[in-house]
Amino acid sequence: MKNIHVSTTVNGDEVEFVCPPNETLLDALRDRVGLKGAKEGCGTGDCGACTVEMNGEIVCSCLILGAEAQDAEIKTVEGMSTGDALHALQQSFIDNAALQCGICTPGILVAAKTLLERNPDPSETEIRYWLAGNLCRCTGYDKIIKAVQVAAADMRGA
Amino acid sequence: MNFPAKTKTDFKVVGTRVARPDGVDKVTGRALYGADFSVPGMLTGRVLRSPHAHARIKAIDISAAEALAGVKAVITSDDFDVPEDDFLRDVQDNCIARGKALYHGHAVAAVAAKDAETARAALKLIKVDYEVLPHVTDVDAAMAADAPVVQEGRADESVPEGCGPNVTNFHEFGHGDLEAGFTKADLILERSFKTEATHQGYIEPHACLATMADGRGDLWCCTQGQFFVRELCAGIMGMEASQLRVTASEIGGGFGGKTTVFIEPLALALSRKSNRPVKIVMTRDEVFRATGPTVSSSTDVKIGMTKDGRITAGDAQLRYQGGAFPCQTVSFGAQAAFAAYDLEAVRTQGWNALANRPKEAAYRAPGAPVAIYAVESVVDELCQELGLDPMEVRLKNAARDGTKASYGPTFDQIGLVATLEAAQAHPHYTAPLGENQGRGISCGFWFNFGGNTCVSLNLNNDGTVGITEGNPDIGGSRASISMMAAEELGIPYDKVRTVITDTNSLGHNDVTDGSRVTFAVGLATIEAARAAIQVMCRRVAKIWGIDEEAVYWEDGYAKPSGPNAGNFDPMSIAEIAAIASETGGPIAGHHEVNAEGAGVSFGVHLADVEVDPETGATKVVRYTVFQDAGKAVHPDYVEGQMQGGSVQGIGWALNEEYIYGEDGKLQNDGFLDYRVPVASDLPMIDTVILEIPNPGHPYGVRGVGETSIVPPLAALSNAVSRAAGIRLHELPMSPPKILKAMMSKG
Ligand code: FES
Ligand code: FES
């Protein structure tokens, strides 16, 4: 099986890697690009721990091939903060204790960010449905929903 | 131990909501979990698992796999010695089958190869000659006299004559005259219940990275107890504890399920054989098939009650199936079943049975949720039949200080009555309900553990403090430990950094389970701080040239104890640290303890549900948790435990279950078919923390992590019975089952 050469953009940086044609984007990001923020919780698209943004849409990177990232624009949790300034969502997750073990957190942050970019003032129900693809087994979601609401208000300048 | 007679009640740091020290790492993706470690030259390990529920392994041929290019090692049970110790042998045999595959998913061989693809290809080349045997997966079928025998001769001496071949142990607790109790009752209800096994469902699959060469090993893994992993793995590998260093990664959830080993010995053996580092990461289906779900249960409960709501007697028989290896889980269930009640006559009997399923592992208050589900359901049905208020009845019968618990001890300070009263007074209890809605209430109980704990506290030269402890931080314990150290020393929280260390750098610590960490590690931390304070006071006494007793510690300063001691300016911790080398050298405090005095904890849950009459689907519309934390060191994390446990319990009550086919194979080994609650399934989870101090801890702390999963099962069942007018006696209450019950009622 011949490996494939991929040129892509990850968190604004141009990146090249070589991967087998059947390697997932998740594995490519973790093992070739060296970004371990996205996690594999299921490998079947059911848990959302591997969520990254690809060309403006959230995707389960375990369901996408690394080869599909050619010429794409990928964003991961590692690209959320600027220098040592955390994204409002990241800060809010810490302030509102929205993580316990933290394994689901990178995926949830990426998903929540895309929600707030589309809808700066989502209702509780909208947040719950937007995040329905991201399992969190620790928190019962309560504090996660609140953290997203607080971050949304912050970002609106409310 | 030298605790103040009264537990401390005024706090500066404890009880505040400080930011967790690992927060930034975890929101930026920097934190390293089990699967995130790698080292140069590392191989990928993968495991071959039994496709049968029960089969004799007649032969395994690994030659073709070994010959595949890129394969560096293949192992079977032949690569391990048989440990003499029964317990260790069971752990090892669960990691890799010896002679017989005991459940669908049981590991039979493992390979290490240059990459995952080669490893997968190698697994396909391993030829196993199986003789398929009859199997049993249902708990009642497993208890039967003519059941297929899972393992020969595993019954211990507690098992009464006449039990089936799979019964491994028997437990009985209680006191009083049952018969006399039942004669006093106006109504006696006898009900039988069944619950299916559920999985802890942590989002992080098990992962480890092992290096083993020259008889020495290093192991990185996601675990709730690096010291226990060392003990198990060193025993299995036949090496001394000193030669194996285990480091715990960040852990992506455990809930009790990461308290033992599954892949770690395999990785070590593959590394020994290949002479290369080996990493194994489980896939999700492996997690479901071959790690620890809970027991499944079958229970009979009989309770008598007077017209005015006094329980006159309670009797329960609990049968738990805990998979293919003996477990003790039913003893917890049998002890917990009636713990919330002050009863004159009570008895619980419990049997553990083997079945062709993965061995159960702890899951938050192991054994208690299903026992209390059965008891709380019958109590509720009695209230319904007698037209009594379920809260009043629970208050009337509630265990209180001085109650002789059903399982033997006499309760010290407990918070059940206060917790019930808080629930009764809460607006939720009297809020109006809509159409097809019903409200359920349930009590819950868990013992909480203490156990072996060792903490080292070091004063740095600038007066800041480093704490080394040995329990992985699952839910924010590093913050709580730093807070207690800061509190005791009288310094700001951010002057303390707590790290979780490997097995070589600290004395033994028990597994992070039993809600023990904030209690026991906290207690040891406070004592370590007190030891350091003593050293600091001694040093200052030397400088001032006065008696050690004439120096006392307050808010981060050593001070002379009064005018008689002399007139000296207080010395800060930073000043003391700065000149430590001139006063005798580095300053530290250690504490080692087998902590006793963990306070039991009670919770009361209120659940409002709406049952759709068309589909039988249940939606939770309002949920409130009341729980006694003793002292909430970090209220956010206490609330988080209460919310998270409740939602796991809601999943257990409504939807989660292990489904086995006739063929004994697990049908739903992924998150698509084993569906845990998602954000859109749930409302916000309201919490009320009560603080009835535990006299066994200097700050009054009790464990809080587990109690919250105990009440939801019954709370939901009781709510459904009121919303839909039907009562199921089995879990989960999935839509088809509810619909069927509603339709047959007409
Ligand atoms: S790992 Fe991709 S969705 Fe679970
Ligand atoms: S914080 Fe552990 S899974 Fe979400």
Side-chain angles (χ1 to χ4, degrees), chain A residues 1 20 22-23 27 30-31 35-49 76-78 80-81 84 86-87 89-91 93-106 109 124-125 127-146, chain B residues 17 19-20 22-33 35-36 38 115-117 200-205 250-255 281 283-285 473-476 634 636-637 639-648 650 670-672 675-682 684-687:
Chain A
M1 211 167 19
N22 60 354
E23 182 167 291
D27 284 343
R30 289 174 55 84
D31 300 339
L35 296 176
K36 305 271 191 186
K39 307 294 179 195
E40 178 162 326
C42 67
T44 51
D46 299 312
C47 76
T76 72
V77 70
E78 285 94 342
M80 275 181 79
S81 50
D84 65 356
L86 296 177
H87 187 279
L89 274 162
Q90 293 173 310
Q91 190 60 51
F93 268 56
I94 297 177
D95 294 345
N96 293 286
L99 59 143
Q100 283 177 27
C101 79
I103 194 92
C104 66
T105 310
L109 286 170
E124 183 196 326
T125 308
I127 300 172
R128 286 188 179 276
Y129 277 91
W130 190 265
L131 295 181
N134 290 84
L135 302 182
C136 173
R137 190 57 158 173
C138 298
T139 61
Y141 304 104
D142 188 293
K143 291 186 189 298
I144 291 176
I145 305 298
K146 281 187 188 137
Chain B
R17 299 176 190 248
R20 59 191 291 160
D22 51 333
V24 173
D25 278 354
K26 286 182 174 168
V27 300
T28 53
R30 271 205 299 266
L32 292 177
Y33 293 83
D36 298 336
S38 53
D115 53 30
E117 181 140 15
Q200 298 82 351
Y202 31 80
I203 306 301
E204 179 199 37
E250 292 297 331
I251 179 170
F255 315 110
V281 181
T283 57
R284 179 54 58 179
D285 63 297
D473 179 354
I474 303 194
H634 194 305
D636 272 341
Y637 301 155
E639 289 162 9
Q641 292 297 322
M642 289 157 72
Q643 293 163 333
S646 302
V647 167
Q648 289 182 321
I650 290 170
F671 278 136
L672 185 62
R675 194 171 170 285
V676 305
V678 304
S680 54
D681 294 332
L682 297 160
M684 299 309 257
I685 309 289
D686 213 350
T687 55

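Excluded from the calculations below are hydrogen atoms, water molecules and symmetry mates; all remaining heavy atoms, backbone and side chain alike, are included. Residue numbers start from 1 in every chain, and the chains themselves are labelled A, B, ... in the order their sequence lines are given, proteins ahead of strands. Here the structure is a predicted model, which is why all the values come from computation and not from measurement.
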Query raised in the report: Could you state the interatomic distance from CG (A:D27) to CG (B:D115), rounded to the nearest 0.5 Å?
Result: 11.0 Å
Report summary line: Note: vs chain A, highest number of non-hydrogen pairs under 4.5 angstrom among B:G201, B:G253, B:A679 is B:A679
Query raised in the report: Which bit of A:A132 comes within less than 4.5 Å of chain B, counting heavy atoms only: side chain, backbone, both or neither?
Result: both
Report task. Select one option (side chain, backbone, both, neither) describing which atoms of B:V24 are under 4.5 Å from chain A's heavy atoms. Result -> both
Report summary line: Rounded to the nearest 0.5 angstrom, the OG1-CG distance for A:T105 and B:D25 is 12.0 Å
Query - Residues that B:E250 engages under salt bridge (charged side-chain N to carboxylate O under 4.0 Å, His left out), provided they are two or more places apart - result: B:K26, B:R478
Report task. With the side chain counted from C-beta on, respond yes when B:E117 and A:E23 share a heavy-atom pair under 4.5 Å apart, and no when they do not. Result -> no
Query raised in the report: About how many Å separate CG of B:D636 and CD1 of A:I94, when rounded to the nearest 0.5 Å?
Result: 12.5 Å
Query raised in the report: What part of B:T283 gets closer than 4.5 Å to chain A, counting heavy atoms only: side chain, backbone, both or neither?
Result: neither
Report task. Would you please name every residue forming a salt bridge (charged side-chain N to carboxylate O under 4.0 Å, His left out) with B:E639, sequence neighbours left out? Result -> A:K143, B:R17
Query raised in the report: Backbone N or O of B:F255 within a donor-acceptor pair of the A:R137 side chain at under 3.5 Å?
Result: no
Query raised in the report: Side chain, backbone, both or neither: which part of B:A31 has a heavy atom under 4.5 Å from chain A?
Result: backbone
Query - Top contributor to chain B contacts, counting heavy-atom pairs under 4.5 Å, from A:C47, A:P106, A:C42 - result: A:C42
Query raised in the report: How far does SG of A:C101 sit from CD1 of B:I203, to the nearest 0.5 angstrom?
Result: 7.5 Å
Query raised in the report: Non-hydrogen atoms of chain B under 4.5 Å away: do they reach the side chain of A:L99, the backbone, both or neither?
Result: both
**Report entry** Under 4.5 Å from any heavy atom of chain B - which part of A:L135
**Finding:** both
Query raised in the report: Is the side chain of B:R284 donor-acceptor paired with the backbone N or O of A:G41 at a distance under 3.5 Å, no angle test?
Result: yes
Report task. May I ask you to decide if B:D681's main-chain N or O and A:Y141's side chain share a donor-acceptor pair within less than 3.5 Å? Result -> no
Report summary line: Scored by heavy-atom pairs under 4.5 Å with chain A, the best of B:G252, B:S38, B:A35 is B:G252
Report task. Can you tell which part of B:I251 gets under 4.5 Å to a heavy atom of chain A, answering side chain, backbone, both or neither? Result -> backbone
**Report entry** Segment of A:T139 engaging chain B (4.5 angstrom heavy-atom cut-off)
**Finding:** backbone
Query - Between CE on residue B:M642 and CG on residue A:D142, distance to nearest 0.5 Å - result: 11.0 Å
Report summary line: Taken to the nearest 0.5 Å, the spacing of A:Q90 CD from B:T28 OG1 works out to 6.5 Å
Report task. Please flag which part of B:V647 lies under 4.5 Å from any non-hydrogen atom of chain A: side chain, backbone, both or neither. Result -> side chain
**Report entry** Electrostatic pair B:D36:A:K39 at N-O distance under 4.0 angstrom
**Finding:** yes
Query - Under 4.5 Å from any heavy atom of chain B - which part of A:E40 - result: backbone
